[in-house]
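One-based numbering, in listed order, for ligands and for the atoms of each. Side-chain atoms are counted along with the backbone in the values below, which use heavy atoms only and exclude waters and symmetry mates.
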Amino acid sequence: MTMDKTIAVGADHAGFELKTLLVEHLKENGYDVQDVGTHSEESVDYPDYAAKVAKTVASRRAGQGILVCGSGLGVAIAANKIDGVRAVTANTAELARLSRLHNDANVLAVGARIIEPGTAKEIVDSWLQTEYEGGRHQRRVDKITRLENGK
Ligand code: RB5
């Protein structure tokens, strides 16, 4: 079952504090949040949390996913290993918007060591409020999906 208003959220230790703020922000805006951790600043490995969010989105237990690490880079690289996931690092609101419009990105990654919390909230809002445009972009997104099957 697709749960479009459900957002899976995860972070490593570097992203923990920003994740906490984003979870609060999402709840205030009416989203159901599935927080997969981490739940402290104790050092962990970002691929573990990226995989949890990516698998939650790929299996449609959440409509979209948000990941936070220091840069936003490692979690996106890891999340993209899961079939069905199109994860992007977007440390500006414009990139977040374009990733929805053109790429139908279903996982957003941000870097807690790169952006301020206020900017992160703007990025998340822009990403969640932008609909995929479809049309000419669908053929290209379909080609990305075919790469998962080695075609
Ligand atoms: C952790 O120090 C850091 O490497 C991680 O949060 C992330 O930025 C990796 O891409």
Side-chain angles (χ1 to χ4, degrees), residues 3-29 31-132 137 140-141 143-150:
M3 299 158 82
D4 278 335
K5 264 287 200 184
T6 301
I7 313 291
V9 180
D12 71 355
H13 53 286
F16 164 70
E17 194 178 341
L18 179 56
K19 171 174 72 67
T20 304
L21 296 178
L22 291 178
V23 165
E24 201 176 300
H25 180 68
L26 290 166
K27 286 181 178 169
E28 279 169 12
N29 285 287
Y31 290 95
D32 293 325
V33 176
Q34 208 169 315
D35 185 349
V36 305
T38 186
H39 298 293
S40 78
E41 285 180 350
E42 190 181 327
S43 184
V44 292
D45 297 331
Y46 63 80
D48 297 338
Y49 298 90
K52 285 181 199 224
V53 166
K55 287 176 184 176
T56 302
V57 172
S59 63
R60 299 181 195 278
R61 283 173 286 139
Q64 287 165 274
I66 296 174
L67 285 162
V68 191
C69 67
S71 60
L73 298 174
V75 284
I77 292 169
N80 277 317
K81 299 296 180 187
I82 304 300
D83 284 1
V85 168
R86 288 177 300 282
V88 292
T89 303
N91 284 324
T92 71
E94 177 61 2
L95 286 172
R97 193 180 73 87
L98 286 171
S99 80
R100 289 291 308 133
L101 274 181
H102 290 194
N103 314 114
D104 198 17
N106 52 11
V107 173
L108 168 72
V110 293
R113 293 175 178 159
I114 306 293
I115 53 173
E116 295 299 324
T119 307
K121 288 179 191 174
E122 285 170 17
I123 290 168
V124 163
D125 291 347
S126 157
W127 192 69
L128 290 173
Q129 287 162 16
T130 305
E131 293 291 330
Y132 172 50
H137 302 296
R140 297 152 187 171
V141 170
K143 286 188 177 184
I144 293 173
T145 303
R146 287 205 290 276
L147 293 174
E148 291 171 355
N149 307 315

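Among residues two or more places apart in sequence or in another chain, the side-chain hydrogen bond (donor to acceptor under 3.5 Å, both in side chains) test is passed with E94 by R97. Under the rule for a ring pair (Phe, Tyr, Trp, His ring centres under 6.0 Å), the partners of H137 that lie at least two apart in sequence or sit in another chain are H102. Partners of T38 by side-chain hydrogen bond (donor to acceptor under 3.5 Å, both in side chains), not counting sequence neighbours: none found.
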Pairs of nitrogen or oxygen atoms, one from ligand 1 and one from the protein, closer than 3.5 Å: please tabulate them with distances.
| from | atom 1 | to | atom 2 | distance (Å) |
| --- | --- | --- | --- | --- |
| ligand 1 | 2 (O) | R113 | NH1 | 3.2 |
| ligand 1 | 6 (O) | D12 | OD2 | 2.6 |
| ligand 1 | 6 (O) | G70 | N | 2.8 |
| ligand 1 | 8 (O) | G70 | N | 3.2 |
| ligand 1 | 8 (O) | S71 | N | 3.0 |
| ligand 1 | 8 (O) | S71 | OG | 3.1 |
| ligand 1 | 10 (O) | S71 | OG | 3.3 |
| ligand 1 | 10 (O) | G74 | N | 2.9 |

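L73 contributes atom CG, which lies 12.0 Å from atom CG of L67 (distance to the nearest 0.5 angstrom).
Side-chain atoms of N91 do not come within 3.5 Å of backbone N or O of I115 as any donor-acceptor pair.
More than 12 heavy atoms of other shown residues, nucleotides or ligands fall within 6.0 angstrom of atom CD in E28.
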